[in-house]
Amino acid sequence: MSSFAKSSQHPIDGFIIEFDRALRSIVGATPMRRPVPDASTMNETELSAEEKKHAAGLMRVNHVGEVCAQALYQSQKLHAKSDDLKNKLEHAAIEEEDHLAWCERRLEELDSRPSLLNPVWYAGSFVLGSIAGLAGDKISLGFVAETEKQVEHHLDEHLKELPSNDHRSRAIVAQMRADEIAHGQMAIQEGGVELPSAVQKVMKTMAKVMTVTAYRV
């Protein structure tokens, strides 16, 4: 969408669009613009009950990560100073919506469900994104870059942990990883600054709590 289209949008219309996006993120009804990454060329054997349970836990964690991403991008976009940055954050958020939809689909296929705590994850991430956004565009972009770097490492671990024959989940995670790297690079190119090591450690600790909890709940 062009900057002109965005600037001419009525604030109430924008609020309705963002509220609808938030609601869809939480309840699990996100639109899919890109098809689920294709793994049809792979030889996939049926997963055992234990493998399905483990894969579902990992994909639930990934789904929570995407719920958090929506909240972060929405809140940071709200406080971004330039229209150009708002447009770039919007583009990243749309790609993250695909990730949400892919994870939702895969959880259904694995006879599982998203985290019951999604409203909590969303609310907490929205607050964090708002704090980063209020600190200014360079800090906000630095927060995006650090978040995406940590997500990249987290997805690397999931590619190691997912059952080797679960090609459908692995294809989704691999494409998500590629997109997250691109989002992080965008944030750095736009002037994102490196966050203090203490902030990075806090972010890692919070992410660890989220992943451990979301795997089960």
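This structure is a prediction, so every number in the text was calculated from the model and none was measured. Only heavy atoms go into these numbers, but all of them, side chains included; no hydrogens, no water, no symmetry mates.
For the residue pair Ser140 and Asp137, no side-chain donor N or O sits within less than 3.5 Å of a side-chain acceptor on the partner.
Counting only distance, with no hydrogens or angles, the side chain of Arg60 and the backbone of Tyr215 share a donor-acceptor pair below 3.5 Å. Gln76 places no side-chain N or O within 3.5 Å of a backbone atom of Leu89 that could act as its donor or acceptor partner. At least one donor-acceptor pair under 3.5 Å links the side chain of Glu51 to the backbone N or O of Ser48. A donor-acceptor pair is defined here as one N or O able to donate and one able to accept, closer than 3.5 Å; such a pair exists between the side chain of Ser75 and the backbone of Leu72. Under the 3.5 Å distance criterion, the side-chain polar atoms of Trp102 are left unmatched by any main-chain donor or acceptor of Gln175.
One finds a salt bridge joining Arg34 and Asp98 here, because a Lys/Arg side-chain nitrogen approaches an Asp/Glu carboxylate oxygen to under 4.0 Å. Between Asp38 and Arg168 there is no salt bridge, since no side-chain nitrogen of the basic residue lies less than 4.0 Å from a carboxylate oxygen of the acidic one. Between Lys149 and Glu146 there is a salt bridge, with a side-chain nitrogen of the basic residue lying less than 4.0 Å from a carboxylate oxygen of the acidic one. With salt bridges taken as basic N to acidic carboxylate O contacts below 4.0 Å, one links Glu157 and Lys160. Salt bridge Arg106/Glu109: present, at least one basic N to carboxylate O contact under 4.0 Å.
Minimum interatomic distance between Ala214 and Val64 (heavy atoms only, all atoms of both residues): CB-CG2, 3.7 Å. The minimum heavy-atom distance linking Ser169 with Leu110 is given by the pair OG-CD1, 4.2 Å. Nearest approach of Ala80 to Lys86, heavy atoms of both residues: O-CE, 3.1 Å.
Both Leu107 and Leu159 sit in one connected hydrophobic cluster of ILVMFWY residues. Membership requires side-chain heavy atoms under 4.5 Å apart, directly or through other members.
Summarising the local packing, NZ of Lys208 is surrounded by 12 or fewer heavy atoms from other residues, nucleotides or ligands at distances under 6.0 Å.
Under the rule for a side chain to side chain donor-acceptor pair (under 3.5 Å), the partners of Glu96 that lie at least two apart in sequence or sit in another chain are His99, His183.
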Would you tabulate the side-chain donor-acceptor contacts of residues 195-207 under 3.5 Å, counting partners in other chains and residues two or more places apart, or write 'none'?
from	atom 1	to	atom 2	distance (Å)
Gln200	NE2	Leu195	O	2.8
Thr205	OG1	Lys201	O	3.0

